2 protein chains.
Amino acid sequence: MPRPSMKDQRSEEILDAYLTCVARFGLEGATQERIAAEAGVKRPLLRHYLGNKDQMIDALADHVISSFDLASDVIGAELAALDTPQDLVAMLFTDRGAHDPRYLLAWQALAIAVADHPHMREPLLASMQRFLTMLQNTLARIVPSAPTVQINAVAQGISALFINADSFTPLGPPAAWRAETQEAAMLLASTLTSHTSEA
Amino acid sequence: MPRPSMKDQRSEEILDAYLTCVARFGLEGATQERIAAEAGVKRPLLRHYLGNKDQMIDALADHVISSFDLASDVIGAELAALDTPQDLVAMLFTDRGAHDPRYLLAWQALAIAVADHPHMREPLLASMQRFLTMLQNTLARIVPSAPTVQINAVAQGISALFINADSFTPLGPPAAWRAETQEAAMLLASTLTSHTSEA
DNA sequence: TAATTAATTGTCACTTATGGCAATAAACTA
DNA sequence: TAGTTTATTGCCATAAGTGACAATTAATTA
């Protein structure tokens with residue numbers, strides 16, 4: 001008997017607009033006016049669907065973190081078919097059709113805001129750790145003979161390079177930077193195959 | 001005959017407080033109230049010394065960029081005495097007494113704001129390129145036999161890892177991450193000494 | 001001591017951002 | 001068609017942020 005609920009759909013749309021604004025203006029720069037304009041709705045609708053400002057931040061954090069976790073799982077599944085660390089890097093850096101830099105930019109914006117929202121610290125750390133663990137497990141499977149410390153270092157390094165590439169996107173970086181970043185990830189991966197285990 | 005000018009000193013103090021706030025709250029979260037409180041002065045003094053909001057942003061950008069450039073030069077000079085890429089990494093990641101993560105956090109905050117302040121794009125890119133070039137030149141001097149593409153990749157990688165370490169500081173990251181990041185930089189450096197020039 | 005210049009503060013107007021709620025419109029069902 | 005629930009909008013109160021300027025205080029020198 002009630003009017004059909006748009007809650008799921010509208011919430012998604014508004015969260016996506018919120019994500020866009022946070023990636024572009026930072027967390028405190030993502031005002032309700034901007035979000036509403038980006039989503040193409042009136043401002044009171046934000047409150048109707050996502051609640052007040054703090055609730056909106058929590059909703060965004062949940063969205064970003066769960067999307068990040070999902071991406072980790074999806075990437076992990078894709079990497080299950082690969083045989084060399086270099087293939088892993090190639091997959092991460094070239095198969096970017098599905099990859100959206102807004103998520104990592106928003107992740108960083110939320111990380112900065114942890115000082116004011118301490119409860120977000122653990123989930124944010126956990127989501128990054130999940131990504132790292134996925135890389136570690138994949139590398140450990142591909143190169144079982146490699147020492148754990150090296151596996152972890154390579155995983156951390158590839159992750160950092162992956163994140164760094166997204167961080168630069170608002171600047172419109174020179175194409176060479178991206179190529180060099182990918183090549184750096186390749187070099188890191190190659191240290192696992194050419195067994196040079198001298199610290 | 002006039003009262004002595006505090007302009008240089010006060011401007012420095014206020015810019016430092018501004019830097020602190022931008023690193024902590026992002027560019028749009030660094031309100032004049034917070035900056036004034038951080039600097040321990042009344043709000044109108046910000047305007048007196050640094051001008052209006054846009055002028056303050058420009059002043060901060062100049063400050064961050066010139067500090068970054070200076071750091072590049074200083075680090076470049078320190079690296080002039082080293083003989084191996086591993087020493088370079090050790091110097092960058094352990095000799096951090098003088099290194100202040102606020103600068104790179106503010107640099108990233110300014111980079112995000114380039115969408116609204118397009119004139120900052122080139123100076124920001126140039127300052128990062130200066131850092132990269134310094135690393136490239138140092139590596140090229142230490143390992144002259146290495147191919148340019150590999151030099152550039154290692155420089156880009158070490159730079160990304162260096163930046164990444166600072167990006168995580170607001171989160172209070174686990175100590176292992178920092179160690180792994182440094183180890184990843186070490187692995188990258190080591191690819192220049194063990195000559196494995198297979199892509 | 002008087003003059004000069006800058007530092008510092010108080011205060012106002014204007015804009016932007018947020019919270020909240022009442023009222024209306026729309027879709028569905030009994 | 002009437003009733004019910006939700007979507008959607010308009011509106012207002014309050015707070016926060018910024019710009020601007022007048023007034024006051026302080027330090028220096030002639």
Side-chain angles (χ1 to χ4, degrees), chain A residues 1-61 106 109-110 112-113 115-117 120, chain B residues 1-61 106 109-110 112-113 115-117 120:
Chain A
M1 50 177 78
R3 179 176 178 174
S5 175
M6 307 286 289
K7 188 141 195 163
D8 290 350
Q9 181 185 345
R10 279 278 181 278
S11 298
E12 284 288 326
E13 293 171 357
I14 293 174
L15 270 179
D16 192 71
Y18 195 7
L19 179 67
T20 299
C21 290
V22 168
R24 178 163 179 175
F25 302 109
L27 191 66
E28 308 233 18
T31 68
Q32 295 185 0
E33 287 292 346
R34 283 171 169 167
I35 301 165
E38 177 73 25
V41 300
K42 301 289 183 179
R43 186 173 68 84
L45 277 193
L46 307 187
R47 177 180 182 78
H48 180 67
Y49 286 110
L50 298 186
N52 64 17
K53 190 177 184 179
D54 282 335
Q55 293 169 321
M56 284 182 66
I57 293 177
D58 287 342
L60 180 69
L110 291 167
I112 290 176
D116 305 277
H117 305 269
M120 301 194 311
Chain B
M1 49 177 78
R3 180 174 177 175
S5 176
M6 306 286 290
K7 187 138 196 165
D8 289 350
Q9 180 184 346
R10 278 278 181 278
S11 298
E12 284 289 326
E13 293 172 359
I14 293 174
L15 270 179
D16 193 71
Y18 194 9
L19 179 67
T20 299
C21 291
V22 168
R24 178 165 181 173
F25 302 108
L27 192 66
E28 308 233 15
T31 67
Q32 296 186 358
E33 286 293 345
R34 283 172 169 166
I35 300 165
E38 177 72 27
V41 301
K42 301 289 184 179
R43 186 173 68 83
L45 276 193
L46 307 188
R47 177 180 182 77
H48 180 68
Y49 287 110
L50 297 185
N52 64 18
K53 189 176 184 180
D54 282 335
Q55 292 168 324
M56 284 182 66
I57 293 177
D58 287 343
L60 179 69
L110 291 168
I112 291 176
D116 304 279
H117 304 270
M120 300 193 311

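First the proteins, then the strands, lettered A, B, ... as listed; each starts at 1. Everything numeric in this text was worked out from a predicted model, so none of it was measured.
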Subject >> Earlier contact from the 5' end, DNA chain D, for B:R34 and B:P4 >> reply: B:R34

Original post:
So which of residues 35-58 of chain B are in contact with DNA chain C, with a heavy-atom cut-off of under 4.0 Å?
Top reply: B:K42, B:P44, B:L45, B:H48, B:Y49

Original post:
Hey, what bend do you get for the helix from C:dT1-D:dA30 to C:dA30-D:dT1 if you fit axes on five pairs at each end, rounded to 10°?
Top reply: 0°

Original post:
Who passes salt bridge (charged side-chain N to carboxylate O under 4.0 Å, His left out) against B:E38, sequence neighbours left out?
Top reply: none

**OP:** List in chain and number order the residues that pass salt bridge (charged side-chain N to carboxylate O under 4.0 Å, His left out) with B:R43, two or more places apart in sequence or in another chain; answer none if no residue qualifies.
**Re:** B:E33

Original post:
Who passes side-chain hydrogen bond (donor to acceptor under 3.5 Å, both in side chains) against B:D116, sequence neighbours left out?
Top reply: none

Original post:
So do A:T31 and B:E28 actually touch side chain to side chain, heavy atoms under 4.5 Å?
Top reply: no

Original post:
Any side-chain N or O of A:S5 less than 4.0 Å from the OP1 or OP2 oxygen of D:dA7?
Top reply: yes

Original post:
Any side-chain N or O of B:Q32 less than 4.0 Å from the OP1 or OP2 oxygen of D:dG19?
Top reply: yes

Original post:
Taking only residues two or more places apart in sequence, or in another chain, which ones meet A:A109 in a side-chain contact (heavy atoms from CB on, under 4.5 Å)?
Top reply: A:V22

**OP:** Return the set of residues passing side-chain hydrogen bond (donor to acceptor under 3.5 Å, both in side chains) with A:N52 (not counting sequence neighbours), or none when no residue passes.
**Re:** none

Subject >> Residues touching DNA chain D, which here means a heavy atom under 4.0 Å, drawn from residues 6-21 of chain A >> reply: A:M6, A:K7, A:R10

**OP:** Give every residue pair that meets the side chain to side chain donor-acceptor pair (under 3.5 Å) criterion with at least one member in residues 13-25 of chain A, sequence neighbours excluded.
**Re:** A:Q9-A:E13, A:R10-A:E13, A:D16-A:R102, A:T20-A:R102

Subject >> Distance in Å, B:I112 CD1 paired with B:H117 NE2, rounded so as to fall on 0.5 Å steps >> reply: 12.5 Å

Original post:
Whole-Å distance between C:dT16 C1' and B:E28 CD?
Top reply: 12 Å

Original post:
Looking at side-chain heavy atoms only, is the closest gap between A:M56 and A:I35 below 4.5 Å?
Top reply: yes

Original post:
By side-chain contact (heavy atoms from CB on, under 4.5 Å), which residues pair with B:K7, not counting sequence neighbours?
Top reply: B:S5, B:S11, B:Y49

